[in-house]
Chemist: 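Below is the structure I would like to discuss, written out as structure tokens.
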Amino acid sequence: MKFLDEYRDPKLARRVVAEIHKRATRPWVVMEICGGQTHTLMKYGIDELLPKEVELVHGPGCPVCVTPLEIINKAVAIASMPGVTLVSYGDMLRVPGSESDLFRVKAAGGDVRIAYSPMDALRVARENPDRRVVFFAVGFETTAPANAMTVWQAKREGLRNFSLLVSHVLVPPAIRLLLGSRSNRVQGFIAPGHVCTVMGYTEYEELAAQFHVPFVVGGFEPLDLLEAILMLVKQLEEGRAEVENQYVRSVTRAGNKAARRRMFEVFEVADRKWRGIGEIPGSGYRLRPEYAAFDAEKVFGVESQEAAEPAECIAPLVLQGLAKPADCTAFGTRCTPEMPLGAPMVSSEGACAAYYLYRRHEAAATR
Ligand code: SF4
């Protein structure tokens, strides 16, 4: 299949792996930011093909994992109200809130529906004028334009029974926080290809210059990631700190300007809390005041509630590249995809779910 087979070619992969072995002469810690990239790395065993000098750690780029507990609690509260239909991506249904999750609300008779596109939620609102339809709009910069589009369209159509529960977060402020931390170990980053498709990569140029750290915008197939790692190793060995683009078939330096224009008509930058990390200034989007009528938090008056994470879950360390999922004492025992304690075990982009799928036997053998 075009754009898949050629990026999974084992002969080419072996050649790139050999080149990484040749180039890496000192220890380097490299972080892939996006959870989709984590899953490819684990699924194809790329971490096991690398020389001992190159250590991969996993970043905060799993939207489900960083959605704060308070927002899950709000989604549960809204979905439990009479006359409400809550529409969400499937992953969010199993993310544990403080006392319940959206699956349990659905099991108890709540109208919780799974969608593959936010436009599905708009259709549900059109077809059910007697119900108040809420779309659970989570994600990074990648999904923000489509979510913004639903509100823009709803306003144009005069749909009054549609709103968004917004929990959008932005990658660069989180990476800035990580790089500014005294505990940071990461020396080079694979930047998220989908986010950069929308946003371009000028924001990463600022980070590279400020912290003297290289970035390579990477794709999601095995050869994309191997090539991105090779490009990073070359930069690190040569003492360069530039932004390079491996994912040229999707990403340009300027990104998708039309998508951003529409997105910023609807959203504005705001402080956001990240699950396991805390509040990061300017790290998310909220609806602009002129779209307040579509803001589910205002429409339903759900208050912000402080909520405590399960003490055993070390997701904050995993999301900052300071620990691996198998370091968690609950991994694979008290925390599994069927009975998750933390969000990284739920999401199809979560690092704990990736280790559970592809590494749990090795993790068990080392205990
Ligand atoms: S294995 Fe479960 S409890 Fe441990 S860090 Fe991952 S999500 Fe949290």
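Counting convention: from 1, in listed order, for ligands and their atoms alike.
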Chemist: How long is the straight-line distance from CH2 of W274 back to SG of C65, given to the nearest 0.5 Å?
Modeler: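 Answer rounded to 0.5 Å: 11.0 Å.
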Chemist: Is the shortest side-chain N to carboxylate O distance from D224 to R249 below 4.0 Å?
Modeler: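 Between R249 and D224 there is a salt bridge, with a charged N closer than 4.0 Å to a carboxylate O.
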Chemist: Minimum heavy-atom separation for C352 and F331, please, with both atom names.
Modeler: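 Heavy-atom minimum between the residues: O-CE1, 3.6 Å.
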Chemist: Would you check ligand 1 and list the protein residues that come within less than 4.0 Å of it by any heavy atom, ordered by chain and number?
Modeler: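 Within 4.0 Å of ligand 1, the protein residues are C313, I314, A315, C328, F331, C335, L341, G342, P344, M345, C352.
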Chemist: Looking at K273, R275, E297, which one forms a side-chain contact (heavy atoms from CB on, under 4.5 Å) with I71?
Modeler: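 In the set K273, R275, E297, the residue that makes a side-chain contact (heavy atoms from CB on, under 4.5 Å) with I71 is E297.
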Chemist: Would H168 and F267 count as a close aromatic pair, with their ring centres under 6.0 Å?
Modeler: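 Distance test on ring centres: under 6.0 Å, yes.
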Chemist: Among V151, V166, T150, N147, which residue satisfies the side-chain contact (heavy atoms from CB on, under 4.5 Å) criterion with V266?
Modeler: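 Only one option passes, and that is V151.
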